[in-house]
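Values reported hereafter were calculated over all heavy atoms of this structure, with side chains retained and with hydrogens, waters and symmetry mates removed. Each chain gets a letter, A, B and so on, in the order its sequence line appears, and its residues count up from 1.
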2 protein chains.
Amino acid sequence: MTLEDFLISYVSFSQEELNDILENFTKIEVAKNHLLIKEGQVCKNIYFIEEGMGRSYYLKKDGKEVTQWFFGEGVFMSSADSFFKQSPSYYYLEALDDSVLYSISYGKIETLLAKYHKMETFVRLLSIDMLAKVASKLNAIQFQTARERYDYMNSEFPDISYRVPLGHIASYLGMTQETLSRIRHQA
Amino acid sequence: MTLEDFLISYVSFSQEELNDILENFTKIEVAKNHLLIKEGQVCKNIYFIEEGMGRSYYLKKDGKEVTQWFFGEGVFMSSADSFFKQSPSYYYLEALDDSVLYSISYGKIETLLAKYHKMETFVRLLSIDMLAKVASKLNAIQFQTARERYDYMNSEFPDISYRVPLGHIASYLGMTQETLSRIRHQA
DNA sequence: CGCCGAGTTGAACTGAATCAAGAAACGTGG
DNA sequence: CCACGTTTCTTGATTCAGTTCAACTCGGCG
């Protein structure tokens, strides 16, 4: 899905509006394992993934990485909170593959938000969608067995489960790598 | 905190705008245990809590109630997803005390969103805040012990923990009532 | 080849759930 | 204002899903 398609799937922008908006994005290509944001930095850009994939993660006190979210093709990748509030990010943002991204800075988003009422609507709808997804993961984590969480993961991110290291998925699901390995094999 | 104070804490509405916006809210009083929304219904209104408190919950297949969120004084109470997308709610919305609420319908919010660019901004900021809170609960649930989650709860909802039945809090925290009782007493 | 990280498998351990039984608190009607 | 039933909370014993620790396998890749 292109960025343009993504935008109009939420709000009916006119062609002129779309052109104006798209002009503010910069196409960038990043290599696998590239870090877009580090913990503690303010997330100055948000990225639409045209090709590739990414994840957000943080480090526990013991130094272990915990995957917080996966981002596939055709979605915005960010530390949403950090970006929209311009506050320090709790998370790292990492490309999990060589990726093609469309980047936009906070300043430019602000300008667009002020200029286009529809842009505010777009971001609002996007936020509500993210909220619903995080709430749904929360329910899965909170009240499902390891097995059920694995199935939930496969339905939510069908393509991702065999494209990233096991450990990333395990920490996303709140279980150890060993448990995930066992589940996968007893399937 | 009054609704007016709440609104201007997010966006600098003018006094005329505020008056116009506030006119669209209806003050209602509900008794303890009143259900504002049932599962499967579309959430037609959103409620600002001036006095009292509430929670959202759902029923597991085995019929047990699971508290999804608590709402204290000075916040909006809703099944956000259901309200903003006008889709069936997964949750029940219940008053936990006799409460004074300011209610607004989806239709009226839509009108205000269309009329005031600032209103879109307000809802967007509100959504991002909710997102951050849900994400923070997710982290607590996913990687903390029962004990740590209890402490998290006390910092997030300091006043609530002794005002509602233990079972509501336990299910909110993803543990059994017995476990919470033990934790509380070993404190 | 032989190393090295990623994944698998096994055995022992543990935090929290479950099951079960009382104790305390609560409100409702007599 | 007390008695009684109901709901809420506590405490104990047992069980279990998932963790931890540790060793082993496998598939690249220098």
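- Formation of a donor-acceptor pair under 3.5 Å by the A/D62 side chain with backbone atoms of A/K64 is found in this model.
- In this structure, CD1 of B/I141 is placed 12 Å from P of C/dA16, rounded to the nearest angstrom.
- A distance below 6.0 Å separates the ring centres of A/F76 and A/F6.
- The distance from atom CD1 of B/I169 to atom P of D/dT8 is 13 Å, rounded to the nearest whole Å.
- Nearest heavy-atom pair, B/Y152 versus B/Q144, reported as atom, atom and distance to 0.1 Å: CB-OE1, 4.2 Å.
- End-to-end axis angle of the helix from C/dC1-D/dG30 to C/dG30-D/dC1, using five pairs per end and rounding to 10°, comes to 30°.
- Atom CZ of B/R163 is separated from atom C1' of D/dT8 by 18 Å (rounded to the nearest Å).
- With rounding to whole Å, A/Q144 atom CD is found 17 Å from C/dA17 atom C1'.
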Can you give me every donor-acceptor pair (side chain of residues 66-73 of chain B, partner residue at least two apart or in another chain, under 3.5 Å) with its distance?
| unit_1 | atom_1 | unit_2 | atom_2 | d |
| --- | --- | --- | --- | --- |
| B/T67 | OG1 | B/R55 | NH1 | 2.8 |
| B/T67 | OG1 | B/H168 | O | 3.0 |
| B/T67 | OG1 | B/S171 | OG | 3.3 |
| B/Q68 | OE1 | B/S56 | OG | 2.7 |
| B/E73 | OE2 | B/G52 | N | 3.1 |

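- Taking every side-chain heavy atom of B/R149 into account, C/dA16 is the closest of C/dT18, D/dC9, C/dA16.
- Of the candidate nucleotides D/dC9, C/dT8, D/dA13, C/dT8 has the atom nearest to the side chain of A/R184.
- In this structure, B/F84 has its ring center no closer than 6.0 Å to that of B/Y106.
- Regarding B/E148, its CD atom lies at a distance of 12 Å from the C1' atom of C/dG15, rounded to whole Å.
- No hydrogens or angles were tested; on distance alone, a donor-acceptor pair under 3.5 Å links the side chain of A/R182 to the base of C/dG10.
- The distance between the ring centers of A/F122 and A/Y10 falls below 6.0 angstrom.
- Around NZ of A/K32, the count of heavy atoms belonging to other residues, nucleotides or ligands within 6.0 Å does not exceed 12.
- Residues from residues 174-181 of chain B that place a heavy atom under 4.0 Å from any atom of DNA chain D, listed by number: B/Q177, B/E178, B/S181.
- Proximity of a side-chain donor or acceptor of A/K44 to a complementary backbone N or O of A/G107 within less than 3.5 Å is not detected.
- Spacing between atom CG of A/L166 and atom P of D/dG27 amounts to 16 Å, rounded to whole angstrom units.
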Per-nucleotide protein contact string for nucleotides 23-29 of chain C, where B marks a base within reach and S marks sugar-phosphate only (heavy atoms under 4.0 Å, - for neither): -------
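- In this structure B/D159 satisfies the salt bridge (charged side-chain N to carboxylate O under 4.0 Å, His left out) test together with B/R163, sequence neighbours excluded.
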Candidate pair B/R147 and B/D151, rule salt bridge (charged side-chain N to carboxylate O under 4.0 Å, His left out), full reasoning: CA-CA 7 Å; B/R147 169 85 239 182; B/D151 295 338; 3.3 Å; yes
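- Atom pair A/L173:CG and D/dG18:P shows a separation of 12 Å (rounding to whole Å applied).
- Partners of A/K118 by salt bridge (charged side-chain N to carboxylate O under 4.0 Å, His left out), not counting sequence neighbours, listed by chain and number: A/E17.
- Counting to the nearest Å, the C1' atom of D/dC9 and the CD1 atom of B/I183 are 15 Å from each other.
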